[in-house]
Amino acid sequence: MHLTATTQFGLEELLADELYHLGADITHIGSRAVEFIGDQRLLYEVALWSRLSMRLLRPFAVFHAADEKALYREVGRIDWQDFIGADQTFAITSVVNRSTFEHSLFVSQLTKDAIVDQFRARTGERPSVDTRTPDIRLHLRMSENEVILSLDAAGDSLHRRGYRQHTNEAPLNEVLAAGLVLLSGWDAKKPLIDPMCGSATILTEAGLISQRIAPGLFHQGKFGFENWYDFDPALWNQVREEAKAQRLEEPQAYLAGSDLDPKTIDMAAANITAAGLEDFIRLSVRDVKDATAPAKEEPGIVITNPPYGERIGEETEMAALYKTIGDALKANFQGYDAFVLTGNLEAAKSIGLKAARRMPLFNGPIDCRLLKYELYRGSRRAPGPHPPAPSPAERGSHGGTEDKSEDGQ
């Protein structure tokens, strides 16, 4: 079957790599989406194992709709009894770009009318609409009046893993958090520290990766494909049991996070416990200025998502915060690579380190950069064992941790 997995901007290549390793035949990598071919087993495995997919779609109709009449006519030509039972509920998610139609809700309504009218004309009955928990979720994408209709295999967005009990004010979604971990090149063995962990989504996703836990095992309720006509319960149960057996029980990496607010740490602990990772992630209440590398571990990586300061008048406060982050990284994490996701590039200059890489991403609607800092060891040594200092050739042109260049973008 032809399938499409959608993701967030900047994660497309990583998603294609993830799908390839699951056994997919990749046919196209686009903006925020990867198209591929696979069988029913692969569909189920992607739903369980993909850490980077937002939606998993199975396209079944493509047509041009120049106006309202054309859209209604073309939708009416599809035999909807192949996809929806009269006793089932359904919903339509529409995405409309660069088309004569201006409103996605109107497109959804018109498509719904065409489906319901066909059922009424043929059977005298009609399926009901349930926008919250439908049996069948349809996805309609219209770009320049070209329409692709798909079945949504997940039913709900795959980023909603199901383990998150609580969130703070500006939570990082699970797909983006997993993307940060994978973009860092982390080997799932070295220490991973988040000194401003919030609700611990980055740490939880890292824990799922290192302990080889399928994120789809936490999915709440049924997946969309469990209500399809060709659903294979025996195969689905087999794939689930195989996924459960992959879990590693021994800790694979040192994972630790901290935050200044005790209530935030309590929320983080609840999320970690819900993901079954309470034995693998350490949490503490600590100001970012006091964050330190674990003394008896080799250098690893720091990943964090500090506040961006979107409220008016927060510029000075943000500059001071980012300077504190930079000072802590330079003083206490020598030998580490640090990754800071921010939507405030002006404040990020106050980190006071030269960014080795700047990866464009979006956190919701906010244009962000994932900034990589290579924290070479200088004269001040962090506690704990370290490999030999890098040679000048290995250091390249970035200098040591005392580099005061303010290239935070």
Side-chain angles (χ1 to χ4, degrees), residues 8 11 51 159-184 186 191-210 215 218 253-278 280-293 300-311 314 317-318 320-326 328-329 332-333 336 338-344 347-348 351 361-366 368-371 373:
Q8 297 198 205
L11 303 181
R51 305 181 192 280
H159 85 271
R160 297 190 180 98
R161 309 277 201 240
Y163 64 72
R164 203 144 74 172
Q165 309 294 299
H166 307 282
T167 62
N168 52 0
E169 283 185 14
L172 200 64
N173 90 43
E174 294 89 327
V175 163
L176 181 55
L180 300 183
V181 174
L182 294 169
L183 281 170
S184 76
W186 183 54
L192 188 150
I193 314 295
D194 184 350
M196 302 182 75
C197 69
S199 52
T201 311
I202 292 172
L203 290 167
T204 303
E205 291 297 319
L208 297 180
I209 291 169
S210 65
F218 300 100
Y254 183 100
L255 302 172
S258 55
D259 202 279
L260 186 59
D261 184 359
K263 290 182 180 178
T264 297
I265 289 296
D266 288 343
M267 289 192 300
N271 294 338
I272 288 168
T273 300
L277 294 169
E278 63 272 21
F280 306 100
I281 300 173
R282 298 163 171 83
L283 293 175
S284 58
V285 177
R286 183 177 297 154
D287 193 308
V288 64
K289 67 182 174 62
D290 300 319
T292 57
I301 66 170
V302 173
I303 307 181
T304 196
N305 175 42
Y308 307 156
E310 295 178 274
R311 297 188 184 92
E314 288 185 330
E317 182 184 337
M318 285 299 108
L321 172 62
Y322 280 71
K323 182 182 184 303
T324 300
I325 293 170
L329 293 177
N332 302 328
F333 290 93
Y336 276 64
F339 295 82
V340 178
L341 179 71
T342 182
N344 190 333
I351 288 176
L361 295 167
F362 278 86
N363 184 3
I366 304 171
C368 294
R369 295 294 181 275
L370 180 61
L371 305 171
Y373 301 103

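From Ile202, atom CD1 reaches atom CD1 of Ile281 across 11.5 Å, with rounding to the nearest 0.5 Å. The distance from atom CG of Leu329 to atom CD1 of Ile193, rounded to the nearest 0.5 Å, is 11.5 Å. Remark: Asp287 CG to Ser258 OG distance equals 9.0 Å, nearest 0.5 Å. Considering CG of Leu255 and OG of Ser210, their distance stands at 5.0 Å, rounded to 0.5 Å. Note that the CZ atom of Phe280 and the CD1 atom of Ile272 stand 12.0 Å from one another [nearest 0.5 Å]. Summarising the geometry, atom CG belonging to Asp259 is positioned 9.5 Å from atom OG belonging to Ser199; distances are rounded to the nearest 0.5 Å.
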- Message: Using the rule given for side chain to side chain contact (heavy atoms under 4.5 Å, CB included), can you reason through Tyr163 versus Leu277, listing the C-alpha separation, both sets of side-chain angles and the distance that settles it, and then say yes or no?
- Response: CA-CA 10 Å; Tyr163 64 72; Leu277 294 169; over 6 Å; no
- Message: I'd like to know whether Thr304 forms a side chain to side chain contact (heavy atoms under 4.5 Å, CB included) with Asp194, so could you lay out the CA-CA distance, the side-chain angles of the two residues, the decisive distance to 0.1 Å, and finally the verdict.
- Response: CA-CA 5 Å; Thr304 196; Asp194 184 350; 2.8 Å; yes
- Item | Step-by-step side chain to side chain contact (heavy atoms under 4.5 Å, CB included) determination, Leu361 to Leu180 | CA-CA 10 Å; Leu361 295 167; Leu180 300 183; 3.6 Å; yes
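Shortest non-hydrogen contact noted between Pro307 and Met196 is CD-CE, 3.7 Å. Residues Gly179 and Leu11 approach most closely at CA-CD2, 3.9 Å, considering heavy atoms. In plain terms, the two heavy atoms of Ala268 and Ala200 that are nearest each other are CB-CB, 3.6 Å. For Ile301 against Ser184, the heavy-atom pair with the smallest separation is CD1-OG, 3.2 Å. Across all non-hydrogen atoms, the minimal contact from Pro195 to Val302 is CD-CG1, 3.6 Å. Here the closest non-hydrogen pair linking Leu203 and Gly257 is CD1-CA, 3.4 Å.
The salt bridge (charged side-chain N to carboxylate O under 4.0 Å, His left out) contacts involving residues 174-184 comprise Arg164-Glu174, where partners must be two or more places apart or lie in separate chains.
A search for salt bridge (Lys or Arg N to Asp or Glu O under 4.0 Å) contacts involving Arg282 returns nothing, not counting sequence neighbours. For Arg161, the salt bridge (Lys or Arg N to Asp or Glu O under 4.0 Å) partners two or more places apart in sequence, or in a different chain, are Glu205. Evaluation of the salt bridge (Lys or Arg N to Asp or Glu O under 4.0 Å) rule for Lys323 yields Asp327 as partners, not counting sequence neighbours. Listed by chain and number, the residues in a side-chain contact (heavy atoms from CB on, under 4.5 Å) with Lys263 are Asp261 (sequence neighbours excluded). Residues passing the side-chain contact (heavy atoms from CB on, under 4.5 Å) test with Thr324 are Val288, Lys289, sequence neighbours excluded.
Between the side chains of Tyr308 and Asn363, at least one donor N or O lies within less than 3.5 Å of an accepting N or O.
A donor-acceptor contact shorter than 3.5 Å is absent between the side chain of Asn332 and the backbone of Thr292.
Between Arg51 and Val181 the shortest side-chain heavy-atom distance does not fall below 4.5 Å. Side-chain contact between Leu176 and Thr201 is absent, with no heavy atoms from C-beta onward closer than 4.5 Å.
In summary, of the residues considered (Tyr336, Phe339, Trp186), a side chain to side chain contact (heavy atoms under 4.5 Å, CB included) with Leu192 occurs for Trp186 alone.
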